[in-house]
Amino acid sequence: MGQRSTIPLGYNRAPYSYWTGTVRAPTPEETKPGEASIRPTILVTKPLARSSLKKLELLFDVRSIVNAADPDAVMAEGAQTIRAVAGGKVSAALMEKLPRLEIIANEGVGVDTTDIAAAKARGIVVTNTPDVLNVAVAELTVGLMLALARTLPQADRFVRDGKWNDGMFPLRSQLHGKTVGMLGLGRIGKEIARRLESFGMTVVYFGRSEQADQPYRYFSELVEMAKASDWLVVIAPASKATDGIVSREVIEALGPAGRLVNVARGSLVDQSSLIEALSSGRLAGAALDVFESEPGVPAQLLALDNVVLSPHMGSRTEEAREAMGQLVIDNLVAHFEGGALPSRVA
Ligand code: 8YV
């Protein structure tokens, strides 16, 4: 259990050409005796980029529960052979069903949908896909902020509904000159901060600890930072420590002119306090890409005009998803070839 195979599978050797993306299976002449039969079985648990899936299918014996009519049947059939999961969302119960599981290659930087403690207890390796999605998430964040500040969804509707003939669209506010408090200044947070700086915003941040090499002011108290900020951008990992961290008190501190952006996880924000504050004018607005129980979005949020909503799409660009899929493959290949894992988290 959890034991790593170091049998050289030849993934990096022609004819696999795995690196160039022109992967093909070896012909019998190209296959060394015994090699063809050792393609590990992997289970795909989340929709992956088509190009990644194609490569996986040439490198591995792929089972998938994505859109499967009967996921349990897929699991039952592969239970004794599945050695890896590509995708994520692996509960302890799912691990139980896979006695030969060695590695979970999570597609996504956040590994909160997988039971890391259960994986560790079983000696199952967990990897993620950091960095390659930073730009995509940062661009969406800026887009959401502009959409909220200038009420772009409403402006679009205004034109479509022919209201422009009756008068001009109301004046809105700009980002320039405002202070943005970053809840989290990790890899993605820094990409967001850099972009917002170029908009003329003052960036400040709250996190576990001060980062001496960062030019921004650090707050050790989130409430204090919220008081000093016009915008609060939430981009920290979901964990026990960050659960509900954007509390009623933090929302109140942001105040009636304040705006909240969440591109991290719904669990970080006290959603009912947020809805109350938005409904009563104690918070000016919110732009939300993530929610408490996705894809469920409370009707009260849907009814509010001072929110911009998006369907957890921070990393949903062609470029990011292709790179994320590639990193999933890189981790799996490294694991089965006995090489160094590019991005191991557990
Ligand atoms: C994905 C994410 O949307 O990387 C993350 O943590 O939230 C996003 O990239 C998520 O993994 C769901 O597929």
Side-chain angles (χ1 to χ4, degrees), residues 109 131 133-155 170-237 241-242 244-265 268-270 273-274 277-278 281-290 306-310 314:
V109 65
D131 292 322
L133 43 60
N134 296 354
V135 166
V137 180
E139 286 186 358
L140 180 76
T141 308
V142 175
L144 286 172
M145 291 175 73
L146 290 170
L148 184 63
R150 304 296 289 268
T151 61
L152 293 182
Q154 291 87 341
L171 301 183
R172 300 299 187 211
S173 65
Q174 51 197 39
L175 301 182
H176 187 273
K178 308 290 190 310
T179 296
V180 56
M182 303 292 306
L183 196 183
L185 194 69
R187 289 175 286 216
I188 303 176
K190 289 188 181 90
E191 288 291 333
I192 297 171
R194 218 157 51 82
R195 283 163 176 76
L196 296 180
E197 260 191 297
S198 76
F199 275 79
M201 297 190 87
T202 299
V203 177
V204 298
Y205 72 103
F206 164 85
R208 273 172 305 188
S209 49
E210 183 163 11
Q211 301 180 47
D213 60 342
Q214 291 306 307
Y216 316 119
R217 178 177 170 198
Y218 172 69
F219 280 85
S220 56
E221 295 296 330
L222 181 54
V223 170
E224 293 310 312
M225 183 176 81
K227 276 186 198 158
S229 301
D230 303 292
W231 289 80
L232 178 63
V233 172
V234 183
I235 184 63
T242 59
I245 191 169
V246 181
S247 60
R248 176 185 295 269
E249 197 189 357
V250 171
I251 294 167
E252 297 289 333
L254 200 52
R259 291 179 170 89
L260 175 80
V261 184
N262 189 2
V263 283
R265 287 289 184 271
L268 277 79
V269 175
D270 174 350
S273 292
L274 174 65
L278 287 166
R282 283 179 290 120
L283 187 70
L288 307 170
D289 185 51
V290 289
N306 53 349
V307 298
V308 174
L309 308 169
S310 59

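Side chains are part of it too, since the values below use all heavy atoms of this structure and drop only hydrogens, waters and symmetry mates. The model shown is predicted, which means the values in this text are computed figures rather than measured ones.
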Review point. With sequence neighbours excluded, what pairs up with Glu210 under the side chain to side chain donor-acceptor pair (under 3.5 Å) test?
Key: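 For Glu210, no residue satisfies side chain to side chain donor-acceptor pair (under 3.5 Å) once neighbours in sequence are set aside.
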Main-chain N/O of [Y] paired to [X] side chain as donor or acceptor, under 3.5 Å:
X: Asn306; Y: Ala286; answer: no
X: Asp270; Y: Gly244; answer: no
X: Thr242; Y: Pro237; answer: yes
X: Ser198; Y: Arg195; answer: yes
X: Gln211; Y: Leu185; answer: yes

Residue pair [X] / [Y]: nearest heavy atoms and the distance that separates them:
X: Val308; Y: Pro153; answer: CG2-CG, 4.2 Å
X: His176; Y: Gly200; answer: CD2-CA, 3.7 Å
X: Ala236; Y: Gly184; answer: CB-CA, 4.3 Å
X: Ser229; Y: Leu254; answer: O-CD1, 3.6 Å
X: Arg150; Y: Ser173; answer: CD-O, 3.4 Å
X: Pro256; Y: Gly281; answer: CB-O, 3.5 Å

[X] versus [Y]: any side-chain heavy-atom pair under 4.5 Å?
X: Phe206; Y: Leu183; answer: yes
X: Phe219; Y: Val204; answer: yes
X: Gln214; Y: Lys190; answer: yes

Review point. Quick one: which of Val180, Val142, Val203 gives a side-chain contact (heavy atoms from CB on, under 4.5 Å) with Val233?
Key: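 One option only clears the test, and that one is Val180.
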From [X] atom [atom1] to [Y] atom [atom2], the distance as rounded to the nearest 0.5 Å:
X: Thr151; Y: Leu171; atom1: OG1; atom2: CG; result: 10.5 Å
X: Ile188; Y: Met182; atom1: CD1; atom2: CE; result: 10.0 Å
X: Leu222; Y: Ser220; atom1: CG; atom2: OG; result: 10.5 Å
X: Leu283; Y: Arg259; atom1: CG; atom2: CZ; result: 9.0 Å
X: Phe199; Y: Met145; atom1: CZ; atom2: CE; result: 8.5 Å
X: Ile192; Y: Thr141; atom1: CD1; atom2: OG1; result: 3.5 Å

Check your understanding: Does the distance from a Lys or Arg side-chain N to an Asp or Glu carboxylate O, for Lys227 and Glu224, drop under 4.0 Å?
Key ->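 A salt bridge links Lys227 with Glu224.
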**Study point:** Electrostatic pair Arg187:Asp131 at N-O distance under 4.0 angstrom
**Key:**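 Salt bridge present between Arg187 and Asp131.
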Practice item. Tell me, yes or no, whether the heavy-atom count around Arg208 atom CZ, taken from other residues, nucleotides or ligands under 6.0 Å, exceeds 12. Key: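 Count not over threshold, so no.
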Exercise for review: Mind running side chain to side chain contact (heavy atoms under 4.5 Å, CB included) on Val234 and Leu260 for me, showing each step along the way?
Suggested key: CA-CA 8 Å; Val234 183; Leu260 175 80; 3.8 Å; yes
Review point. Where do Leu288 and Leu274 land on the side chain to side chain contact (heavy atoms under 4.5 Å, CB included) test, with the steps shown first?
Key: CA-CA 11 Å; Leu288 307 170; Leu274 174 65; 3.9 Å; yes
Practice item. Could you go through the side chain to side chain contact (heavy atoms under 4.5 Å, CB included) check for Val269 and Val250 one step at a time? Key: CA-CA 10 Å; Val269 175; Val250 171; over 6 Å; no
Check your understanding: Is a side-chain donor-acceptor pair under 3.5 Å present for Ser310 with Asp289?
Key ->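 A pair is found: one side chain offers a donor N or O, the other an acceptor, under 3.5 Å apart.
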Exercise for review: Please list, chain by chain and in numerical order, all residues satisfying ring-ring contact (aromatic ring centres under 6.0 Å, His included) with Tyr218, sequence neighbours excluded.
Suggested key: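 ring-ring contact (aromatic ring centres under 6.0 Å, His included) list for Tyr218, sorted by chain: Tyr205.
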Practice item. Applying side chain to side chain contact (heavy atoms under 4.5 Å, CB included), run through Leu232 and Val261 and close with a yes or a no. Key: CA-CA 6 Å; Leu232 178 63; Val261 184; over 6 Å; no
Practice item. Start with the C-alpha gap between Arg194 and Glu197, add the side-chain angles, then the distance that decides, and say whether salt bridge (Lys or Arg N to Asp or Glu O under 4.0 Å) holds. Key: CA-CA 5 Å; Arg194 218 157 51 82; Glu197 260 191 297; over 6 Å; no
